[in-house]
Amino acid sequence: MKNGAVVDILEKFANLLEFKGENLFKINAYRRAARTIAELGEDIEKVWQEGRLDQLPGIGDAIREKVNQFLLEGRIRQFDELAAAAPREIFDLLSIQHFGPKTAALAFKELGVETVADLRRVLEDGSLSTLPGMGPKKCENILKSLKLHESSSSQISIGLAADLVARVMDHLEKTASGRFGRLSAAGSVRRYKETVHDIDILVEAEDGREIISAFAQMDGVTRVLGAGATKGSILLDDRFQVDLRAVPSESFGAALQYFTGSQEHNVHLREIAKKAGYKVNEYGIFHDDQRVGGQFEEDIYHVL
DNA sequence: CTGACAGCGCATCTTC
DNA sequence: GAAGATGCG
DNA sequence: GTCAG
């Protein structure tokens with residue numbers, strides 16, 4: 001069963017294309033193909049042997065040939081070529097938050113950043129901040145993420161995550177009680193993913209300023225990564241990133257759906273909505289620009 | 001063969 | 001310093 | 001890069 005390996009290389013292929021600055025839709029095509037195989041209920045080798053590869057959604061001539069090559073030879077020529085032109089630790093680097101493909105490409109080209117250690121160096125000696133687009137705040141955020149990455153606590157177990165969610169909710173109820181409505185975990189925490197990368201919480205409030213400000217002031221906050229009217233983002237205990245989003249009542253359900261994801265699930269859902277003549281976003285579900293739901297998460301699934 | 005492929009907030013930088 | 005563009009998630 | 005029209 002090589003499904004996992006095929007999914008892995010297609011996802012990495014997408015990352016390499018992203019680093020190269022390829023067309024976004026092409027990148028997406030590789031990710032969609034990877035997802036198709038990830039969700040495939042049978043052995044990809046069997047499908048391949050039976051010549052049914054391009055019957056799978058999202059797999060056409062180009063990707064079929066690459067999968068073919070991978071199953072035949074255990075490698076993909078174009079993949080190796082792309083990898084050779086990228087930093088040695090490209091996948092590691094791209095997993096650092098706020099250090100995306102464009103920034104990675106820039107740092108690689110201008111400063112020769114090949115490894116996570118290189119990145120740390122250019123952050124600490126300030127050379128990264130001399131690059132166009134790299135303001136102080138951005139550099140600081142990258143440094144924080146890098147430390148998070150290196151402390152290898154970048155993956156939080158679901159149990160610990162649940163505790164942190166409870167802690168945040170507790171704090172909000174104590175300090176801002178009455179100033180908000182529903183409160184719910186979202187993101188991978190809500191999906192009960194075994195390990196999560198960061199923690200998303202959603203709060204129902206017309207004006208989020210107060211509650212986000214309360215959030216940013218809770219005990220254990222080591223850094224406020226951002227605090228606006230609709231979104232706040234903090235680092236808790238120097239290790240855990242927690243995001244709080246404030247949304248108005250009529251779109252709480254839509255936002256909960258959206259921020260619970262997964263991302264792939266959302267894209268999928270929006271495709272379905274579109275085909276059915278609806279538009280779904282984090283504010284609600286719409287038909288001819290008329291809101292037909294959004295206050296509750298069920299609104300969206302009922303309509304579709 | 002051609003056009004669509006989800007769509008948005010925040011931080012930052014660039015341009016006027 | 002407002003408006004637009006870019007990068008990121 | 002893939003798919004629907």
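Sequence lines set the chain letters: A, B, ... in the order given, protein chains first and strands last, and positions in each chain run from 1.
Between the C1' atom of dA6(B) and the NZ atom of Lys279(A) lies a distance of 9 Å, rounded to the nearest Å. Following rounding to the nearest Å, Phe259(A) (CZ) and dG7(B) (C1') show an atom-to-atom distance of 11 Å. Whole-Å rounding puts the His265(A) NE2 to dA6(B) C1' distance at 14 Å. We find that CG of Asp243(A) is positioned 12 Å from P of dA11(B), with the value rounded to whole Å. Here dG9(B) presents its P atom at 15 Å from CG of Leu202(A), a figure rounded to the nearest Å. The separation between Asn141(A) atom CG and dC10(B) atom C1' is 11 Å, rounded to whole Å.
No donor-acceptor distance shorter than 3.5 angstrom exists from the side chain of Asp8(A) to the backbone of Gly4(A), with no hydrogens or angles considered. A donor-acceptor pair under 3.5 Å links the side-chain atoms of Asn3(A) to the main chain of Ile44(A), judged by distance alone.
Residues Thr115(A) and Glu89(A) bring no donor and acceptor atom of their side chains to less than 3.5 Å of each other. For Thr260(A) and Arg190(A), the side-chain atoms include at least one donor-acceptor pair closer than 3.5 Å. With no hydrogens or angles considered, a side-chain donor-acceptor pair links Asn266(A) and Gln257(A) at under 3.5 Å.
Summarising the local packing, CG of Asp219(A) is surrounded by 12 or fewer heavy atoms from other residues, nucleotides or ligands at distances under 6.0 Å. Counting non-hydrogen atoms of neighbouring residues, nucleotides and ligands closer than 6.0 angstrom, the CZ atom of Arg223(A) exceeds 12 such neighbours.
Atom CE of Met134(A) sits about 11.5 Å away from atom CD of Glu110(A), to the nearest 0.5 Å.
Summarising the hydrophobic clusters (Ile, Leu, Val, Met, Phe, Trp, Tyr; side-chain heavy atoms under 4.5 Å, direct or chained), the residues clustered with Leu202(A) are Val247(A), Phe252(A), Leu256(A), Tyr258(A), Phe259(A).
Residues satisfying the side-chain contact (heavy atoms from CB on, under 4.5 Å) criterion with Asp61(A), sequence neighbours excluded, are Arg64(A). Under the salt bridge (charged side-chain N to carboxylate O under 4.0 Å, His left out) criterion, Lys174(A) pairs with Asp170(A), not counting sequence neighbours. Residues satisfying the side-chain contact (heavy atoms from CB on, under 4.5 Å) criterion with Ile212(A), sequence neighbours excluded, are Ala227(A), Leu244(A), Ala246(A).
Contacts with DNA chain D (heavy atom under 4.0 Å) in residues 50-70 of chain A: Leu56(A), Pro57(A), Gly58(A), Ile59(A), Gly60(A), Asp61(A), Ala62(A), Ile63(A), Lys66(A), listed by number. Within residues 220-237 of chain A, no residue has any heavy atom closer than 4.0 Å to DNA chain D. For the contact set between residues 110-136 of chain A and DNA chain D, defined by any heavy atom under 4.0 Å, there are no members. Near DNA chain D, defined here as any heavy-atom distance below 4.0 Å, the residues from residues 13-42 of chain A are Phe25(A), Lys26(A), Ala29(A), Tyr30(A), listed numerically.
Considering Lys66(A), Glu11(A), Lys12(A) as possible partners of Tyr30(A), the one that fulfils the side-chain hydrogen bond (donor to acceptor under 3.5 Å, both in side chains) test is Lys66(A).
In this structure, Ser188(A) and His197(A) have side chains that are not in contact, with every pair of non-hydrogen atoms separated by 4.5 Å or more. Looking at heavy atoms from C-beta onward, Leu183(A) lies out of side-chain contact with Glu204(A) at the 4.5 angstrom threshold.
For the pair Tyr283(A) and dG9(B), the criterion of a side-chain N or O lying under 4.0 Å from OP1 or OP2 is met.
Spacing of P atoms, dG5(D) relative to dA6(B), comes out at 16 Å, to the nearest Å.
The minimum heavy-atom distance linking Pro132(A) with Leu106(A) is given by the pair O-CD2, 3.6 Å.
Applying the side chain to side chain donor-acceptor pair (under 3.5 Å) test to every pair with at least one member in residues 276-285 of chain A, sequence neighbours left out, gives no pairs at all. The ring pair (Phe, Tyr, Trp, His ring centres under 6.0 Å) analysis of residues 167-191 of chain A, with sequence neighbours excluded, yields no pairs.
Of the charged side-chain nitrogens involved, none lies within less than 4.0 Å of a carboxylate oxygen, so that Asp237(A) and Arg239(A) do not count as a salt-bridged pair.
Think of the region where chain A sits on DNA chain C: with heavy atoms and a 4.0 Å cut, that region ends 5' and 3' at dG7(C) to dG9(C). Reading DNA chain D from its 5' end, the first and the last nucleotide to sit under 4.0 Å from a heavy atom of chain A are dG1(D) to dC3(D).
Contact annotation for Gln263(A): base contact, defined as any heavy-atom pair under 4.0 Å involving a base atom.
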